[in-house]
Amino acid sequence: MRLLLIHSDYIKYKTKSKTKIAEEITNEKKEGEFKNSLVVFTAVEKKDEKNPDGVVENAATEINDIFSKIGAETVVIYPYAHLSSSLSSPESAKKILHDMEIKLSSMNLNVARVPFGWYKSFEISCKGHPLSELSRTILPEKTEKETNEELNVQKSEFHILNKGQLYNVDEFQYQTNDFEKLVDYELDRTKSSGEEPPHVKLMKEKNLAGYEPSADIGHLRWYPKGRLIRDLLADYVYNLVTERGAMPVETPIMYDLQDEAIRVHAEKFGERQYRMQTKSKELMLRYACCFGAFRILADTFITWKNLPLAIYELSTYSFRLEKSGEVVGLKRLRGFTMPDLHTVCADLEQSMQEFNNQISMCDQTGEDLQLNYEVIIRVTDDFFQENREWVFQAASIIGKPIILEILPKRKHYWICKMDFAAIDYLGRPMENPTIQIDVESAERFGITYIDSEEEETHPIIIHCSPTGSIERVIGSLLEKTAIKMAEKLPMFPVWLSPTQVRVLPIAERHLDFALQLADDLIKQNIRVDVDDRPETVGKKIRNSGNEWVPYVIVVGDKELENNQLMVNIRESNEKTLMNSKELINRVHHDTINMPFRKLPLSLKLSERVNF
RNA sequence: GCCUCAGUGGCUCAGCCGGUAGAGCGAUGCCUUGGUAAGGCAUAGGUCGGGGGUUCGAAUCCCCCCUGAGGCUCCA
């Protein structure tokens, strides 16, 4: 429907002659005049016929909105076919215009309607203020907001699930602060304190990452130390999933919206995507690896013997056009890196088994990253009724109380989902790992496998991000240090610390010894550097503290003589005497089974650049 | 996206009822050659986020834009 709205001093019309499609009218409607009126020239279009009630509803809402702003006395609906080149049938148009009149009257507006299907003369005087001339295109679909409101009418139920028992969220005895905070957040009870999350300052201060004003909002630049941590985390997830049988792939970051499945999947995401137009195509930037993974799986010949089958990709990058006011630090970005695992399962039963395995995998990442996750399992009501025992069993793998959300109806593509969240300094969750059972996408993307009956069947697909986005992991680690700052010196886990061991020569004559020691440690796959700057020991100690270096060795005359090293251990804030062998063992013990990369910075601090 | 606040050397910030840009850290140079969280002295470094306006004169007042923070909203 097309509308042209004119706020007029007056409008006068007079019917001249009938057309074939004219409506029957009484004599008094043959002419008319309306003072101070909002004249709504209206053309009803073909596509309005699909949902006449919807278009009437949306048009009335829009007209009422404008009417209330300009202070006119009357709304005059004036049929005006010339606004559109794709008109509806005259019968539909009459009905819709008539319904609009009734709808607007029911909103307590003074409404008049000019007859349909007559040749008319008219005279109008436009007031000429900024809102006096407006045009609108009204679509029959419900607006996104209304759709959301409707869905939200049906509220989820929240329970606490602990040791096979359900508890009321208000009566449960909370043992930990973090868990209570997640419950508060889910129930919309979190009070905001108005502070900046500390990780934003820390990421800049520690030379990990910074904002890039010349890019779009929410795209970061990464300095060498930050890049190193990202790479280590990428290696970590790669090992984690490939050890469990997943096969790494890499897929494009942009997709053609002419592809039906991709378009439908993308439409669901609505406004929040980057789009670009080339000469011949409209492309979107991926917001996850799903597109590429699904296309690969759709083109792969799979049989029941191959299942479950998992492919893995680290999405550097995924793009989401988050609203500008929502983008913050490492927590919410427009360009981010997400490990994305897609597992094809034969049926629901297999997907639930696999889900169990992935719970353990996600739980493991909390341990390896030294992060505390609080957990929520979300299920549709249907799924819960049929798989109650399994849900309780899945919850028990976590080994502590979790939240259970039961959604009355399936809103999205998943029927069961588990989210793991670290709690930040301000008591708000940072969503990290997630697992979802997807029952929709296989069909939409044409993914099939041959089952044991030799039938082509659509599988169930599990989406899983074992750590959540790499940026959020780093953000969570920084938030954790801020929380613990009061009781403990802040630091990263040793395997993620850019410098693991720093050697501080006291005077120039100790430098060769320091370099030799560093070299020995480097050969043992330890990231070492040497603070060779002509500064006092006190200052070098202070600097190494600011850089959160886990082990700092001061070498002077004593060390040159007796081969014993005085090691400052950040973890315990103690000084301990040990030899280099013991130090190497200790670092190896700290980083056991974790990935290693060399330090991509110059060995001597005197040669380093400050970012 | 909306509302509120902010943007001054590489970093943290002062100056802001208009009158020639300041400090600390960092950097550089010299002195100090040292034992566990800032040794001393000196030097360099700023189109005061960008653009426009008011004014004899703008970091300071006004308008627009960009970037950031908080809140609202949102996160498939």
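Per chain, numbering begins at 1; letters A, B, ... match sequence-line order.
When the nucleotides B:C75, B:G68, B:U73 are ranked by their closest atom to the side chain of A:Arg332, B:C75 comes out on top. Considering only side-chain atoms of A:Ile541, the nucleotide from B:G26, B:U36, B:U33 that sits closest is B:U36. Candidate nucleotides B:G26, B:A69, B:A37 were compared by shortest atom distance to the side chain of A:Arg570, and B:A37 ranks first. The side chain of A:Met566 approaches B:U36 more closely than any other nucleotide in the set B:A69, B:G39, B:U36. Comparing B:A38, B:C75, B:C74 by their closest approach to the side chain of A:Arg472 singles out B:C75. Which of B:G26, B:A69, B:C74 sits closest to the side chain of A:Arg272 comes down to B:C74. Checked against B:G1, B:G68, B:G39, the side chain of A:Lys323 finds its nearest nucleotide in B:G1. Which of B:G70, B:G35, B:A76 sits closest to the side chain of A:Glu196 comes down to B:G70. Side chain of A:Pro197, nearest nucleotide from B:G35, B:A37, B:A69: B:A69.
For the C1' atoms, the distance linking B:A23 with B:C64 amounts to 34 Å, nearest Å. Nucleotides B:U36 and B:C72 place their C1' atoms 50 Å apart, quoted to the nearest Å. Between the C1' atoms of B:A14 and B:C56, the separation comes to 29 Å (whole Å). Going from the C1' atom of B:G57 to that of B:C66 covers 27 Å, rounded to whole Å.
Counting only N and O atoms by type, the side chains of A:Arg586 and A:Tyr551 include a donor and acceptor under 3.5 Å apart. If you check the side chains of A:Ser315 and A:Asp340, you find no donor sitting under 3.5 Å from an acceptor.
Rounding to whole angstrom units, CD of residue A:Glu326 and C1' of B:A76 are separated by 13 Å. Regarding A:Arg320, its CZ atom lies at a distance of 21 Å from the P atom of B:U73, rounded to whole Å.
Salt-bridge formation is not detected for the pair A:Lys201/A:Glu196: no Lys NZ or Arg NE/NH1/NH2 atom is positioned less than 4.0 Å from an Asp or Glu carboxylate oxygen.
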* For side-chain contact (heavy atoms from CB on, under 4.5 Å), just list the numbers for A:Arg608 and A:Asp529, CA-CA rounded to whole Å, side-chain angles, deciding distance to a tenth of an Å, and then say yes or no. => CA-CA 11 Å; A:Arg608 263 189 210 171; A:Asp529 54 24; 2.9 Å; yes
